[in-house]
2 protein chains.
Amino acid sequence: MIIQLFIIFTIMMSKKCKYALKALTRLAKNFNKGHLQTADIARLENIPKKFLEQILLELKHARMVGSKQGSGGGYFLIKNPKEISVADVYRLFDGAIALLPCVSINFYERCEDCTDEKSCAMQREFIKIREGARKMMSKVTIHSFIKDSDSQ
Amino acid sequence: MIIQLFIIFTIMMSKKCKYALKALTRLAKNFNKGHLQTADIARLENIPKKFLEQILLELKHARMVGSKQGSGGGYFLIKNPKEISVADVYRLFDGAIALLPCVSINFYERCEDCTDEKSCAMQREFIKIREGARKMMSKVTIHSFIKDSDSQ
DNA sequence: ATCATAACCTACTTTACAAGTAGTATTTGG
DNA sequence: CCAAATACTACTTGTAAAGTAGGTTATGAT
């Protein structure tokens with residue numbers, strides 16, 4: 001009997017970021033229709049409530065959502081769903097879109113092992129890759145998640 | 001006096017993967033011209049030698065490079081540099097190109113918090129994002145790193 | 001044959017962060 | 001003033017990245 005165990009580790013979007021997108025989508029469905037409470041969003045989207053609290057707070061500090069404290073309070077979207085892209089949310093929670101720090105626009109950092117950045121062929125090529133990802137991630141917005149597929 | 005400390009965490013390519021690409025590029029420059037030793041590649045590319053050993057071994061197991069043991073041995077490329085894409089190397093070391101497991105071609109996994117995958121708008125949109133990244137990462141090869149910019 | 005050299009392989013260490021949990025403070029409507 | 005909700009801080013647990021350490025095996029040269 002052979003037991004095969006496949007453990008695969010991958011670098012992907014964090015759950016925090018994914019939950020944020022789901023929460024924003026839920027709020028977008030309620031755009032200009034009052035507010036929703038953390039507990040409700042958590043239940044509807046299968047997100048741990050206390051974890052979601054932190055996420056909504058971060059979204060508030062990033063001025064994507066607004067809140068109302070006290071009994072009967074909740075969260076609401078303050079930006080148009082069409083103006084919140086996946087790129088925006090990804091940068092907020094997971095950081096750079098580029099695969100290398102020396103290629104990042106918003107999170108640039110020099111590579112320690114690089115001798116001459118100006119002639120670095122990797123940098124040149126990874127800029128192309130970044131642009132491929134960045135364009136798509138900027139094009140897809142929270143609004144993309146609430147419209148149905150054929151209403152493209 | 002205000003001290004501001006910015007700590008930014010980002011999800012990027014692992015160093016292992018980056019080092020692998022650099023090592024492959026170095027071997028590609030020597031394609032069909034004999035072999036290079038770990039120590040030399042390590043020195044030329046500023047990669048910790050023992051770490052590079054592991055990486056070259058993984059590349060060997062993935063049949064991208066070949067090796068010769070014993071004194072005067074070393075590593076050499078066995079695939080054409082044009083046929084080793086960034087996507088290939090990335091998948092080997094860092095896993096999925098897609099940002100969500102349910103969107104990955106090679107590392108698919110169901111999302112626990114998803115109720116109905118067929119009607120999931122996020123999945124539908126993230127496939128587009130994956131394709132943006134995947135196309136670019138498949139187009140850029142080790143050969144891209146050794147040619148100069150205007151010889152496009 | 002044996003020695004130096006370089007690949008091959010496994011295990012360990014350290015650090016850091018993701019993914020949450022816990023508990024308290026603050027605001028606000030009734 | 002009380003209940004309900006957000007606001008905030010701190011802690012926990014597990015796991016992976018990045019590298020280190022040390023030994024084994026193969027091979028060309030002496």
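None of these values were measured; they are calculated from a predicted model. Heavy-atom basis, side chains included; hydrogens, waters and symmetry copies ignored. So you know, we letter chains A, B, ... as the sequences are listed, proteins then strands, and number each from 1.
Under the ring-ring contact (aromatic ring centres under 6.0 Å, His included) criterion, B:Phe51 pairs with B:Tyr19, sequence neighbours left out. Every side chain to side chain donor-acceptor pair (under 3.5 Å) that A:Ser67 has, sequence neighbours left out, goes to A:Lys60. When the side chain to side chain donor-acceptor pair (under 3.5 Å) test is applied to A:Ser119, the partners found at least two apart in sequence or on another chain are A:Asp116. Taking the side chain to side chain donor-acceptor pair (under 3.5 Å) definition, one finds that B:Arg130 meets it with nothing, sequence neighbours left out.
Near-neighbour residues of DNA chain D inside residues 28-59 of chain B, defined by a heavy atom below 4.0 Å, number-ordered: B:Pro48, B:Lys50, B:Phe51, B:Gln54.
An OP1 or OP2 oxygen of D:dG19 is reached within less than 4.0 angstrom by a side-chain nitrogen or oxygen of B:Tyr19. Taking side-chain N and O atoms only, A:Tyr75 has a distance below 4.0 Å to OP1 or OP2 of D:dA7.
In this structure, B:Met13 places its CE atom 15 Å from C1' of D:dA17, rounding to the nearest Å. When rounded to the nearest whole Å, the span between NZ of B:Lys60 and P of C:dA7 equals 11 Å. When the C1' atom of C:dA18 is taken as reference, atom CZ of A:Phe93 falls 13 Å away, rounded to whole Å.
Comparing atom distances between the A:Ser67 side chain and each of D:dT6, D:dA18, C:dA7 picks out D:dT6 as nearest. Proximity note for A:His61 (side chain, C-beta onward) versus D:dC8, C:dG20, D:dG19: the nearest is D:dC8.
Residue pairs meeting the side-chain hydrogen bond (donor to acceptor under 3.5 Å, both in side chains) criterion with at least one member in residues 42-56 of chain A, sequence neighbours excluded: A:Arg26-A:Glu45, A:Asp40-A:Arg43.
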Can you pull every protein N or O that's under 3.5 Å from an N or O on nucleotides 28-30 of chain D?
unit_1	atom_1	unit_2	atom_2	d
D:dG28	OP1	B:Lys68	NZ	2.9

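Listed by chain and number, the hydrophobic cluster partners of B:Ile78 are B:Phe76, where partners are ILVMFWY side chains within reach of under 4.5 Å, directly or through others. A:Leu44 belongs to no hydrophobic cluster, as no Ile, Leu, Val, Met, Phe, Trp or Tyr side chain comes under 4.5 Å of its own.
Here CG of B:Leu99 is found 10.5 Å from OG of B:Ser104. Values are rounded to the nearest 0.5 Å.
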